[in-house]
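To start, the structure under review is shown below, and the notes come after it.
In what follows, residues are counted from 1 in the order of the sequence shown. Values reported hereafter were calculated over all heavy atoms of this structure, with side chains retained and with hydrogens, waters and symmetry mates removed. Source: prediction; values computed, not measured.
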Amino acid sequence: MEGKKFKILKFILFPIFLVLIVYQTTVILLFRAEIRKEFIPFSGAEVFNPYQENPKEMLGKKAALHIHSDNVWYTPERHSVEDIEALYKREGFHFLTFSDYGKITKPNSFPEISNYEWGMNVKKRHVNVLGASSTFPDLFPFYASRENIEWSLQKMQRGKAFVTLNHPSLYKSFVKEDVQWFKSYDAIEVFSPFGDNARILDFLLSKGIPVKCMSSDDLHYFAENEIRNLKQSKLKNLFQIFTGIRNRKGAHVFRRYVLVSDLISNSEELVQDLKKGNYFCVKKHFAEAPDPAFPSLAWNPKSQKLVFQSKERVLEIKWIGSQGKILKIDPDTQQSELEFPTDEPYVRVEVSGLFGELISNAIYRKK
């Protein structure tokens with residue numbers, strides 16, 4: 001009897017297994033794109049400063065760009081758009097985008113911005129596609145070569161979407177040895193609940209890749225004290241208890257975000273500024289901590305100096321150059337200057353405050 005059951009099971013599973021092998025092999029061979037062939041470090045007499053286009057603007061609007069809702073059929077335990085928006089408005093956020101898996105969920109009470117998260121694979125390679133007009137499926141559930149991923153990234157970036165590689169430390173989904181060969185992405189998450197990694201920026205920037213930082217809550221659930229105050233149905237409460245998301249700390253919520261220009265009012269302007277790198281990445285040590293106060297980063301071509309200013313005193317301002325080399329540290333201050341070394345292809349800033357950290361995008365040389 002046992003042998004008969006095994007034969008039936010094998011009869012059912014073997015064709016499925018065979019179909020999966022044929023499918024995966026086919027897409028691996030067919031859907032490929034050319035990856036980066038060489039690295040050309042930043043160089044030239046000119047300096048590109050993403051924060052310099054409008055020196056009078058302040059970067060004080062908070063944007064949360066990686067948030068999951070219950071708007072996908074297989075994530076009913078998550079929170080509703082209305083509940084998420086209410087709590088992020090309470091915390092002073094000006095922009096919010098939902099990154100539901102394979103589905104565009106537009107905000108209701110925030111400026112309308114389309115976004116979704118790509119990636120239905122065992123490796124947890126997930127990508128945020130901000131400003132997309134439509135979604136693109138993940139055709140590589142089990143394996144993808146660098147050429148396959150580049151092909152997918154090109155499809156996602158069409159229409160000038162802002163493409164972010166999410167949580168690279170989670171299951172080592174995006175290791176730097178692979179990421180360096182991709183061409184069609186804009187940013188990589190350096191602050192994430194699944195691991196922080198700012199050093200990957202220097203690895204890529206040192207090769208001349210104009211990658212930007214990203215900082216995200218990657219919200220999946222709120223803390224229990226927040227959930228208790230939500231007007232959820234009894235069925236959702238029971239489902240959350242059943243799936244085990246209740247009684248977790250949810251400590252990452254409201255802590256990671258980006259600071260964008262006060263002049264931005266719509267999705268097109270937001271995507272344009274993100275593309276330029278005109279924003280700062282923030283990570284607070286705890287959700288109740290005060291927000292950093294509107295920093296600025298200016299380039300003076302006459303003096304050949306970079307000037308970072310904050311409206312509050314910070315523990316230290318650190319200037320970082322190629323390969324992550326520390327060029328200068330100014331402790332206990334609101335302002336720091338650096339004469340851009342002629343042999344440095346790029347410079348970026350890391351700020352440590354009493355309540356959190358802040359990272360700038362790179363200022364780099366160009367021809």
Side-chain angles (χ1 to χ4, degrees), residues 31 61-89 93-121 123-141 144 149-167 170 173-174 182 184-189 192-194 212 214-222 236 253 256-258 260 264-275 279:
F31 302 127
K61 285 188 174 180
K62 296 166 65 176
L65 306 178
H66 189 174
I67 292 176
H68 296 278
S69 76
D70 64 357
N71 209 28
V72 179
W73 68 268
Y74 54 83
T75 60
E77 79 284 359
R78 293 186 184 150
H79 306 299
S80 69
V81 167
E82 293 74 20
D83 285 338
I84 293 170
E85 290 184 336
L87 291 182
Y88 273 85
K89 273 192 175 296
F93 282 81
H94 301 82
F95 296 99
L96 179 148
T97 68
F98 292 99
S99 52
D100 288 325
Y101 295 114
K103 182 175 183 178
I104 294 175
T105 300
K106 293 185 178 180
N108 291 331
S109 57
F110 283 86
E112 186 176 296
I113 302 171
S114 61
N115 190 20
Y116 72 95
E117 186 165 39
W118 175 92
M120 298 294 290
N121 54 77
K123 189 67 175 176
K124 290 286 185 181
R125 288 193 180 105
H126 292 171
V127 179
N128 257 27
V129 190
L130 185 68
S133 57
S134 60
T135 62
F136 184 77
D138 182 359
L139 304 181
F140 308 94
I149 297 173
E150 174 60 27
W151 179 84
S152 300
L153 291 172
Q154 286 184 12
K155 297 297 182 183
M156 286 180 258
Q157 203 177 47
R158 65 188 177 186
K160 299 181 180 180
F162 184 80
V163 174
T164 300
L165 307 182
N166 292 339
H167 44 62
L170 180 63
S173 53
F174 286 111
F182 303 149
S184 305
Y185 68 101
D186 299 285
I188 189 164
E189 271 188 346
S192 165
F194 299 105
K212 288 96 178 169
M214 181 50 61
S215 179
S216 305
D217 272 349
D218 195 357
L219 173 75
H220 285 69
Y221 59 87
F222 289 118
K236 172 158 282 194
V253 179
R256 298 173 176 87
Y257 55 89
V258 296
V260 299
I264 295 175
S265 60
N266 56 53
S267 60
E268 290 78 13
E269 293 172 350
L270 177 62
V271 172
Q272 286 173 8
D273 264 26
L274 292 175
K275 283 277 189 180
Y279 63 93

**Message:** So which atom in I149 and which in F182 form the shortest heavy-atom distance, rounded to 0.1 Å?
**Reply:** CG2-CZ, 3.7 Å
**Asked** What pair of heavy atoms forms the shortest contact from E150 to S184, and how long is it?
**Response** OE2-OG, 2.7 Å
**Message:** Show the nearest heavy-atom pair for residues S114 and I104, with the distance to one decimal.
**Reply:** CB-CG2, 3.7 Å
**Message:** How long is the straight-line distance from CG of L65 back to CG of D218, given to the nearest 0.5 Å?
**Reply:** 12.0 Å
**Prompt:** Side chains of H79 and Y221: does their closest heavy-atom pair fall under 4.5 Å?
**Reply:** yes
**Request:** Give, for atom OG of S152 and atom CD of Q157, the distance between the pair rounded to the nearest 0.5 Å.
**Result:** 12.5 Å
**Item:** Beyond-backbone contact of R256 with P193, side-chain heavy atoms, under 4.5 angstrom
**Value:** yes
**Asked** What's the shortest heavy-atom distance between V129 and A161, and which atoms?
**Response** CG1-CB, 3.7 Å
**Side chain to side chain, R78 and S69, heavy atoms closer than 4.5 Å** = no
**Prompt:** Does F110 reach the side chain of T97, with side-chain heavy atoms less than 4.5 Å apart?
**Reply:** no
**Message:** What I want to find out is whether D70 reaches K236 closely enough, with some N-O distance under 4.0 Å, to be called a salt bridge.
**Reply:** yes
**Request:** Using the six-membered ring of F93, assess whether NZ or CZ of K62 lies under 6.0 Å from its centre and within 45 degrees of the ring axis.
**Result:** yes
**Asked** If you take all heavy atoms of A144 and R125, which pair is closest and at what distance?
**Response** O-NH1, 4.0 Å
**Prompt:** Should N121 and H126 be marked as a side-chain hydrogen bond (donor to acceptor under 3.5 Å, both in side chains) after you check the CA-CA gap, both sets of side-chain angles, and the distance that decides it?
**Reply:** CA-CA 8 Å; N121 54 77; H126 292 171; 5.6 Å; no
**pair Y279-K212: side-chain heavy atoms closer than 4.5 Å** = yes
**Request:** List the atom of K103, the atom of N71, and the distance in Å for their closest heavy-atom pair.
**Result:** NZ-O, 2.9 Å
**Message:** Which residue is it: Y101, F98, Y116, Y74? I am looking for the one with a ring-ring contact (aromatic ring centres under 6.0 Å, His included) to H68.
**Reply:** Y101
**Prompt:** Does L274 reach the side chain of D186, with side-chain heavy atoms less than 4.5 Å apart?
**Reply:** no
